[in-house]
Amino acid sequence: MDLDVKAAAPGKPAAPPAACTFADILKHPDIAERFARVRKYFYLRESTYDMTRRCNIRCDGCYYYEGDKQNTKDNVDPESWRALFRAEKARGITFVVLAGAEPALVPALLEACHAEIPLGAIASNGLLHIPDSVGYRIHISVWGDDATSERVRRAKRMLERQIESYAGDPRAVFVYTFTRENIAEATGVVEQLARHDCKVTFNVFSATEGYEGTLTHTPTSLAQTRQAMLSLLDRYPEHVLFSPYSAAAHTDTLSLHDLYSCPYPRRNQGQFGLGRSFRQYRSDLTWIREAACCVPDTDCADCRHYAAGSAIVTARMNRHVQSPDQFRAWLDYVDTYLAVWVQGYTKSPNLCTVPIAPSLALAAASETRR
Ligand code: SF4
Ligand code: SF4
């Protein structure tokens with residue numbers, strides 16, 4: 001994620017809309033208030049770090065165990081990580097995403113990172129409790145009910161154990177990944193999470209390059225996923241951190257890259273925005289520009305990942321200024337992303353209650369090129 005929208009300061013949209021100006025849009029009090037709230041976070045600059053190549057389970061379709069990033073030697077020295085994070089801070093990184101394989105297996109490294117850059121999130125399978133002293137957001141991956149997790153992730157009582165570890169923990173956000181096979185069971189899972197007062201957001205399974213398993217979406221399953229997301233958002237507004245535009249953007253038949261053009265270095269070798277600042281470190285503290293994005297080895301043509309969207313969609317403010325409702329939808333997306341990723345940020349009610357078509361943003365990009 002990276003709110004890299006400096007080029008579009010108020011009153012200076014890059015692509016002047018035909019029907020109204022950006023200044024006109026900002027005259028709407030609800031929009032002005034929300035824009036003022038989210039723009040305080042435009043300073044966030046992200047990089048991601050694989051904390052270890054080890055994991056305590058093995059999931060079908062895992063992006064980490066695809067490609068060669070797993071073939072590294074873990075650096076397990078907290079002082080090396082502290083030194084890296086000091087250097088990261090010096091080059092302007094303000095938000096870190098700690099992933100891997102499973103970061104909860106290396107708590108001393110998490111402590112070391114948190115001591116240097118205190119804003120960030122950890123992607124975990126949630127089976128081990130991360131010490132409370134590590135004040136990052138913790139994203140707990142949920143791929144279905146316990147029967148499905150036992151089959152796909154080869155772990156028993158997964159949701160029950162995740163809830164035992166993290167219910168009542170203000171850092172925790174459960175991330176339900178919709179695959180082609182688990183759409184119907186999302187209702188029961190979200191109901192169970194809401195009963196335990198857990199926050200939940202949604203992800204869409206995005207196949208790795210060469211993946212041939214059964215989890216990849218079809219146009220039909222994407223449409224069903226969108227309906228399920230909207231229905232659950234409607235039923236559990238206190239527990240589901242999401243927006244109608246988030247649902248629309250992540251379930252379109254076009255991938256996020258095809259809709260919005262991905263700014264990560266893997267797709268944007270130019271030296272601007274995320275292409276310049278973002279790095280994806282492996283667990284031996286090396287990084288490779290050509291491979292750098294938040295979900296390396298994922299197939300860009302199938303990329304609908306929530307972490308990818310948090311950078312790709314938020315960076316495209318200029319493509320969402322054609323109407324007040326389109327900009328409200330973008331603000332809802334950013335508000336959702338901040339609530340999911342930034343500890344202490346509270347989600348506001350969505351401003352736009354209908355799923356605005358992402359193709360409008362694609363059309364705005366074409367207009368700009370003309
Ligand atoms: S828990 Fe995460 S890192 Fe571990 S195998 Fe599953 S998807 Fe991969
Ligand atoms: S996989 Fe997604 S985030 Fe990564 S480069 Fe491709 S489109 Fe961008």
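Note that ligands are numbered from 1 as they come in the structure, with each ligand's atoms numbered from 1 the same way. Here, residue 1 is the first one in the sequence, and each next residue gets the next number.
Atom 8 (Fe) of ligand 1 has as its closest protein heavy atom C62 SG, 2.3 Å. Ranking protein heavy atoms by distance to atom 6 (Fe) of ligand 1, first place goes to C59 SG, 2.3 Å.
Within the 4.5 Å cutoff, the side chain of Q343 has no heavy atoms near those of the Y136 side chain. Under the 4.5 Å side-chain criterion, counting only non-hydrogen atoms from C-beta, L222 is not in contact with T218.
For ligand 1, the atoms sitting less than 4.0 Å from at least one non-hydrogen atom of N125 are 1 (S), numbered in the order shown with element in parentheses. When each atom of ligand 1 is checked for a heavy atom of R153 under 4.0 Å away, the hits are 1 (S), 6 (Fe). Applying the 4.0 Å criterion to heavy atoms of C55 picks out, from ligand 1, the atoms 1 (S), 3 (S), 4 (Fe), 5 (S).
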>> Go through it in stages, so that I can follow the logic: the residues are D252 and R304, the test is salt bridge (charged side-chain N to carboxylate O under 4.0 Å, His left out), and I'd like the CA-CA distance, side-chain angles, deciding distance and then a yes or no.
In response: CA-CA 9 Å; D252 199 276; R304 296 179 182 81; over 6 Å; no
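Residue L351 comes nearest to D332 through the heavy atom pair N-OD1, 2.7 Å, listed as atom of the first residue, atom of the second, then distance.
At a threshold of 4.0 Å, the pair K156-D146 does not count as salt-bridged, since none of the basic side-chain nitrogens sits closer than that to a carboxylate oxygen. Salt bridge E150/R157: absent, no basic N to carboxylate O contact under 4.0 Å. A salt bridge is absent between R154 and D60; no separation between the charged side-chain nitrogens and carboxylate oxygens falls under 4.0 Å.
With a 4.0 Å heavy-atom cut-off, ligand 1 is reached by the backbone of I57 and by its side chain too.
V189 and F174 fall within the same hydrophobic cluster, where Ile, Leu, Val, Met, Phe, Trp and Tyr residues are linked whenever their side-chain heavy atoms come under 4.5 Å apart, directly or through other members.
Within the sub-2.8 Å shell of atom 2 (Fe) of ligand 2, the protein contributes these N/O/S atoms: C303 SG.
Closest heavy-atom approach to atom 3 (S) of ligand 1 within the set A104, P103, A155, A101: this belongs to A101.
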Identify each donor-acceptor pair in which a side-chain atom of residues 119-131 lies under 3.5 Å from a protein atom, sequence neighbours left out, and give them as a table.
from, atom 1, to, atom 2, distance (Å)
S124, OG, E102, OE2, 2.9
S124, OG, G126, N, 2.9
N125, OD1, L127, N, 3.1
N125, ND2, N56, OD1, 2.8
N125, ND2, E102, OE1, 3.1
H129, ND1, S165, O, 2.8
H129, NE2, D132, OD1, 2.9
H129, NE2, R171, NH2, 3.4

